[in-house]
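Just below is one structure, and these are the notes that go with it.
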Amino acid sequence: MGTVGSTDETAGERHQLINVAYRLLGSVTEAEDAVQDAYARWYALPRSRQEEILSPGAWLTTVTSRICLDLLGSARARRERYVGAWLPEPLPDRTGWDRAGGADPTGPADPVDQIVLDESVAMAFLVVLESMTPAERVAFVLHDVFRYPFAEIAAVLGRTPAACKQLAASARRRVSVARAPVTATGQADVVRHVKEAWETKDIAALVDLLNPAAVMTADGGGMAGAVLRPVEGGARIAQYMVAIADKAPGLELLERSVNGVPGLVAQRAGVVMTVASFDVCDGRVTRIWAVRNPEKLRPWAWESQGLSGASCDY
């Protein structure tokens, strides 16, 4: 991890810590706060104590994970007060935006840019993580995603390595029920067809693209119009999507990478209104996750435009 107590080396751990914290929390904002808190605790240590710590990076990871564990423990109560369904914050792929003339590559560092977009941040995967207990989620993410040994995870959870191994195994069973994701190319084709059918308000085409048992979940957080309960059934979802298009003239649909997977972004007058993620199986959409809470869409703002006044009545 570098020279003991080196400020430069501990600062270099931020990339890894942000990646760990986002997967544990599903929130960029909370992940950044957790990492900032961990660094504050590090710098608050006396110099003599810092020099006693053989691996500052491991210490920061342990502290960050404990902070995330505490946040996950209180999340249930916070989400009970949340208006409607709660979904993880969607992540843009900034490299694609740069080519399109979007985010400024010369701007200040952003935690979003430090998160590695792989299968462990796909919306479908994050939603499964949400079904786990806090201890299961920490054990699984640290071990199965980041390959930390159970002896180190035990220090985070305050349990024995054997107990942590059992927690990870329990979490793994939850993940195993989810099928392997389709290729990016296969999903991109389906998403493109959904976009075309949505733009033309072709209900029949949408129904054909949606699994009859498909489910759509929307997250408006009480700050943007959104259905409070999941919409179930391909036909009902298709009708709802067309109703959205009718109520939002001038809405532009863009194909974008969402958490590293092909998705759709809806914007109006240059302001992002909705970011939609899809789960695809056998060429049909089985799940749609639509994030409309403007607080969760800040990383998606094009150029210098903010998200004030981004809500609309769908």
Side-chain angles (χ1 to χ4, degrees), residues 12-32 34-35 57-58 60-61 64-65 68 72 87-100 102-103 105 109-132 136-149 152-153 156 168-169 171-191 255-265 275-281 285-289 291 296-297 299-300:
E13 298 292 335
R14 183 176 296 273
H15 178 275
Q16 174 78 351
L17 297 175
I18 286 290
N19 275 276
V20 170
Y22 174 73
R23 288 161 175 81
L24 288 178
L25 299 173
S27 165
V28 178
T29 303
E30 290 186 356
E32 175 68 358
V35 172
L60 283 165
T61 299
T64 298
S65 299
C68 291
L72 287 171
L87 291 174
E89 291 181 18
L91 294 176
D93 183 348
R94 290 277 175 71
T95 58
W97 284 24
D98 291 343
R99 290 193 297 271
D110 189 310
V112 170
D113 298 324
Q114 301 180 52
I115 298 175
V116 177
L117 299 177
D118 60 20
E119 63 274 6
S120 67
V121 296
M123 189 63 70
F125 189 81
L126 292 177
V127 170
V128 174
L129 293 181
E130 285 293 318
S131 70
M132 300 177 183
E136 285 177 339
R137 186 166 184 169
V138 171
F140 177 80
V141 168
L142 290 181
H143 181 267
D144 285 45
V145 177
F146 292 98
R147 303 302 177 188
Y148 285 99
E152 292 184 17
I153 298 171
V156 175
R172 205 173 296 123
R173 285 193 291 272
R174 295 180 189 262
V175 174
S176 68
V177 301
R179 28 150 220 95
V182 298
T183 64
T185 301
Q187 175 139 337
D189 290 340
V190 174
V191 170
E255 296 175 50
R256 289 288 185 268
S257 170
V258 182
N259 288 61
V261 179
L264 291 178
V265 170
V275 173
S277 306
F278 299 83
D279 198 19
V280 176
C281 181
V285 174
T286 58
R287 291 296 304 262
I288 302 175
W289 298 282
V291 177
K296 296 185 178 184
L297 298 179
W300 293 85

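Numbering starts at 1 and runs along the sequence shown.
Atoms CD and CG, from Q16 and L60 in turn, are 11.0 Å apart once rounded to the nearest 0.5 Å. Rounding to the nearest 0.5 Å places NZ of K296 at 6.0 Å from CG of L87. Rounded to the nearest 0.5 angstrom, L17 CG and T64 OG1 are separated by 4.5 Å.
Judged by distance alone, with hydrogens and angles left aside, the side-chain atoms of R174 form no donor-acceptor pair with the main-chain N or O of M132 at under 3.5 Å. Judged purely by atom type and a 3.5 angstrom limit, W300 uses its side chain to pair as donor or acceptor with the backbone of P90. N259 places a side-chain N or O within donor-acceptor distance of the main-chain N or O of L91, the cut-off being under 3.5 Å.
Contact detail for E136 and A171: the closest heavy-atom pair is O-CB, 3.8 Å. Counting all heavy atoms, side chain and backbone alike, E89 lies closest to Y22 at O-OH, 2.6 Å. Counting all heavy atoms, side chain and backbone alike, P262 lies closest to V191 at O-CG2, 3.7 Å. Listed here is the closest heavy atom pair of L72 and L24: CD2-O, 3.2 Å. Listed here is the closest heavy atom pair of V35 and A21: CG2-CB, 4.2 Å. In plain terms, the two heavy atoms of P299 and P92 that are nearest each other are O-CG, 3.8 Å.
The side-chain contact (heavy atoms from CB on, under 4.5 Å) test applied to E30 returns L25, S27, R78, not counting sequence neighbours. Legend: residues meeting side chain to side chain donor-acceptor pair (under 3.5 Å) with D144, ordered by chain and number and at least two apart, are R172. Shown here are the side chain to side chain donor-acceptor pair (under 3.5 Å) partners of E255, two or more places apart in sequence or in another chain: R192. Listed by chain and number, the residues in a salt bridge (Lys or Arg N to Asp or Glu O under 4.0 Å) with R287 amount to none (sequence neighbours excluded).
When side chains are defined from C-beta on, H15 counts as touching V116, because their heavy atoms get closer than 4.5 Å. Within the 4.5 Å cutoff, side-chain heavy atoms of D279 are placed close to those of W289. The shortest distance between side-chain heavy atoms of S65 and V20 falls below 4.5 Å. Counting heavy atoms from C-beta on, the side chains of R14 and E32 come closer than 4.5 Å.
The salt bridge (charged side-chain N to carboxylate O under 4.0 Å, His left out) pairs that include a residue from residues 19-29 are R23-D118, where partners are two or more places apart or lie in different chains.
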In a table with atom names and distances, give each donor-acceptor pair under 3.5 Å that connects a side chain of residues 121-129 to protein atoms at least two apart or in another chain.
none

